[in-house]
Amino acid sequence: MKVLSLISVTCLIVEAFGASLPKAEINNRKFPESFKWGAATAAYQIEGGWNEDGKGESMWDHFTHTNPSVTDDKLNGDVACDSYHRWREDIQLLKQLGVSVYRFSVAWTRILPTGYLDSYNQAGVDFYVTFVKELLANGITPTATLYHWDLPQVLNEQGGWLNDSTADRFGEYARIVFKNLGPYVKLWSTVNEPKSTCMLGYGDGANAPGIKQIGTAVYQCARVQLLAHATAYHIYHNEFAAEQEGKISLVIDSTYNEPATDSEADVEATDWETQFNLGWYAHPVYVGNWPQIMIDRIGNRSALEGLPKSRLPAWSAEELEFVKGTHDYFGLNMYTALRVSAIDEPEIGDSSYYSDKGTATSFGADWTPSIASWLVVYPFAMRGLLNYVWNNYNPGEIWVTENGVATNATINDQFRVDYLQGYLSNMLDAILDDGVNVAGYTTWSLLDNFEWARGYTQKFGIISVDFTSENLTRTFKDSAKWYQRTVNTYCLVEECVE
Ligand SMILES: *[C@@H]1O[C@H](CO)[C@@H](O)[C@H](O)[C@H]1NC(C)=O
Ligand SMILES: *[C@@H]1O[C@H](CO)[C@@H](O)[C@H](O)[C@H]1NC(C)=O
Ligand SMILES: *[C@@H]1O[C@H](CO)[C@@H](O)[C@H](O)[C@H]1NC(C)=O
Ligand SMILES: *[C@@H]1O[C@H](CO)[C@@H](O)[C@H](O)[C@H]1NC(C)=O
């Protein structure tokens, strides 16, 4: 997680909080037998053990330790769900759920504490090897994310995701992980949600490393993360894929976007919105180069600002080729939707991503808000976005690597049950009626956990964690029980038609 917090929020019907969701008809057909069910987490959000067994400081350790106010509750991930010690218990929870896949992330700073090869930490490697073996012994397929926002602080101090050489460091780290975990892990994601890393970490500064350069750094960050992704992809394919036979791709987060009206201007603005979000990362990988509208608009606005070159870094011909085609599937994190309107051209002088984008967004009046300001419930968004990705990027196979909702409920989370049922119903429509090949789904999240700048105030888990209890007690919520039935029956309702 997470998608942007910067969307302009209108039409929020606050009275709808807690009300039950409008229930469209829920699909009563079965998911294909080959469909893979799972749950997802990320290292910094659940592991704790932040400085144990040789682990180095990540930029999130540094960010939260330096200024506790960066999170709503002034808390951090030092302990989190303590999964670094309680991982055997987590595996038993997965087994109890009946899922066949677990999507977790590897903490770079356990493997290379400084980000450099000479800091190699065998204890970190051993931890993950033991962990994936235990997953397999319990019948659960591990899928691993190499980077879920926890950059080594030493690399951050050298420019982090603004420094091209971070892509090379990422490749070196990825090679170690492939070599050691590759015999067990067959589905990889390189970088999780590069847009959120860049926009929140380098644009509005709410996330680590807290840089606020919304018109410049966000574009350089995108470039370096895409180079890092492509570097790891090529290392995997050149050195490991033949023997290990796995798949590797980027994981991109996106809203589903609808025009506010059917006017030509709003329809065009909706395309711009999509290109400036989803296309920003998907186009270089699945088509080649930045979306043309980004090249044109940022280029033209930069020229009018009197800059010698575009704030959107140009790729060399060699880099274009290096990034293009680096995918074995499409990893999609999807939560929510936006209505998009055209606006007058923003004045020159405000060099911001938002002016570059040149659109306005809001929520549909009939969409249900959640406790997260950016996340509204609109189940059709799942079908709409899956079709968009399928038709525009031709990925062959899609994994919905994250999907879920925040609630305040500890155990009785009917809101989340309704959310998952609605979104999965729309996913099934996409699979059965639209021919979209969705191979698997890893819900966000297995556990309540450290929700970045929101601290522990927003709970995304289907399993609750009592953060005040001695043993960080895990308890199935109603949604976990619902999901358990679903993954065991491949059916979203009590009984499916055969
Ligand atoms: C980029 O990182 C390299 C080390 O990988 C370092 O030598 C260089 O100074 C960094 N550049 C900047 C601008 O920080
Ligand atoms: C940007 O400027 C070029 C000419 O320099 C023009 O062809 C193009 O239409 C402009 N694009 C936009 C989106 O304004
Ligand atoms: C959820 O909890 C937060 C923090 O305790 C509170 O501010 C908010 O009003 C609650 N929202 C709902 C819908 O209960
Ligand atoms: C926590 O776990 C330990 C070790 O299993 C156990 O001895 C202890 O009784 C537990 N505490 C609580 C409150 O359940």
Side-chain angles (χ1 to χ4, degrees), residues 46-49 52 56-59 62-63 66 78-93 95-96 108-109 111-121 134 146-147 149-177 190-191 194 197-198 201-203 205 208-213 215-232 234-235 307-309 311-316 319 322 410-411 447-448 456 463-476:
I46 66 161
E47 280 184 359
E52 285 184 52
E57 188 187 35
S58 77
M59 73 173 170
H62 187 83
F63 190 58
T66 311
D78 286 3
V79 178
C81 306
D82 196 28
S83 290
Y84 184 66
H85 300 108
R86 300 177 189 277
W87 54 272
R88 287 180 194 279
E89 188 182 343
D90 293 349
I91 291 176
Q92 290 315 306
L93 294 169
K95 197 173 174 183
Q96 203 181 329
W108 191 340
T109 50
I111 310 293
L112 296 177
T114 66
Y116 286 92
L117 280 175
D118 63 4
S119 67
Y120 179 82
N121 180 36
E134 185 71 10
L146 291 168
Y147 183 72
W149 304 10
D150 44 359
L151 187 74
Q153 174 60 14
V154 171
L155 294 184
N156 182 45
E157 281 161 13
Q158 292 166 3
W161 290 116
L162 304 182
N163 186 330
D164 279 11
S165 71
T166 297
D168 298 323
R169 301 293 84 75
F170 183 71
E172 291 163 358
Y173 153 66
R175 181 181 283 112
I176 296 173
V177 180
T190 52
V191 175
T197 308
C198 294
Y202 295 84
I211 290 171
K212 297 186 171 111
Q213 293 174 9
T216 49
V218 291
Y219 299 126
Q220 173 64 10
C221 170
R223 169 191 152 78
V224 180
Q225 291 208 41
L226 284 164
L227 287 173
H229 153 75
T231 301
H234 289 298
I235 288 173
L307 299 172
K309 60 179 183 172
R311 286 179 280 103
L312 182 70
W315 301 103
S316 69
E319 288 167 344
F322 186 69
T410 21
I411 302 297
L447 301 171
D448 288 340
Y456 296 89
I463 295 175
S464 87
V465 176
D466 180 355
F467 291 101
T468 64
S469 66
E470 183 193 353
N471 288 333
L472 295 157
T473 307
R474 278 91 156 127
T475 309
F476 271 38

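Order of listing sets the numbers, starting from 1, for every ligand and every atom in it. Computation of the quantities below employed the complete heavy-atom set of this structure, encompassing side-chain atoms and omitting hydrogens, waters and symmetry-equivalent molecules.
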Which residue and non-hydrogen atom of the protein lie closest to [atom], and at what distance in Å?
{"atom": "atom 4 (C) of ligand 1", "result": "Tyr116 OH, 3.3 Å"}
{"atom": "atom 9 (O) of ligand 1", "result": "Asn163 ND2, 4.8 Å"}
{"atom": "atom 3 (C) of ligand 4", "result": "Asn471 ND2, 3.7 Å"}
{"atom": "atom 5 (O) of ligand 1", "result": "Ser165 OG, 2.9 Å"}

- Task: Over 60° means perpendicular and under 30° means parallel, so classify the ring planes of Tyr173 and Trp108, tilted if in between.
- Result: parallel
- Within a distance under 4.0 Å of any heavy atom of Gln158, pick out the atoms of ligand 1 and give their elements.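 Taking each heavy atom of Gln158 in turn, ligand 1 has 1 (C), 2 (O), 4 (C), 10 (C), 11 (N), 12 (C), 14 (O) under 4.0 Å.
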- Task: Would you mind listing which atoms of ligand 1 come within a distance below 4.0 Å of any non-hydrogen atom of Arg169?
- Result: 5 (O)
- Note on the structure: ligand 4 to Glu470, heavy atom cutoff 4.0 Å, flagged ligand atoms 11 (N), 12 (C), 13 (C)
- Query: Within a strict 4.5 Å, meaning less than it, do heavy atoms of the Asp448 and Phe467 side chains meet?
  - Reply: yes
- Would you call Arg169 and Glu172 a salt bridge, using N to O less than 4.0 angstrom? yes
Under 4.0 Å and counting heavy atoms only, is there anything from the protein next to [atom]?
{"atom": "atom 14 (O) of ligand 1", "value": "yes"}
{"atom": "atom 7 (O) of ligand 4", "value": "no"}
{"atom": "atom 1 (C) of ligand 4", "value": "yes"}

- Message: Ignoring hydrogens and geometry beyond distance, is a side-chain donor-acceptor pair present between Gln96 and Gln92 at under 3.5 Å?
- Response: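 No - no donor-acceptor pair under 3.5 Å links their side chains.
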- Message: Between Asp164 and Gln220, is there a side-chain donor-acceptor contact under 3.5 Å, judged purely by atom types and distance?
- Response: yes
- Are the side chain of Thr166 and the backbone of Gly160 linked by a donor-acceptor contact shorter than 3.5 Å? yes
- Query: Centres of the Trp149 and Phe63 rings: under 6.0 Å?
  - Reply: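 Here the rings of Phe63 and Trp149 have centres that are no less than 6.0 Å from each other.
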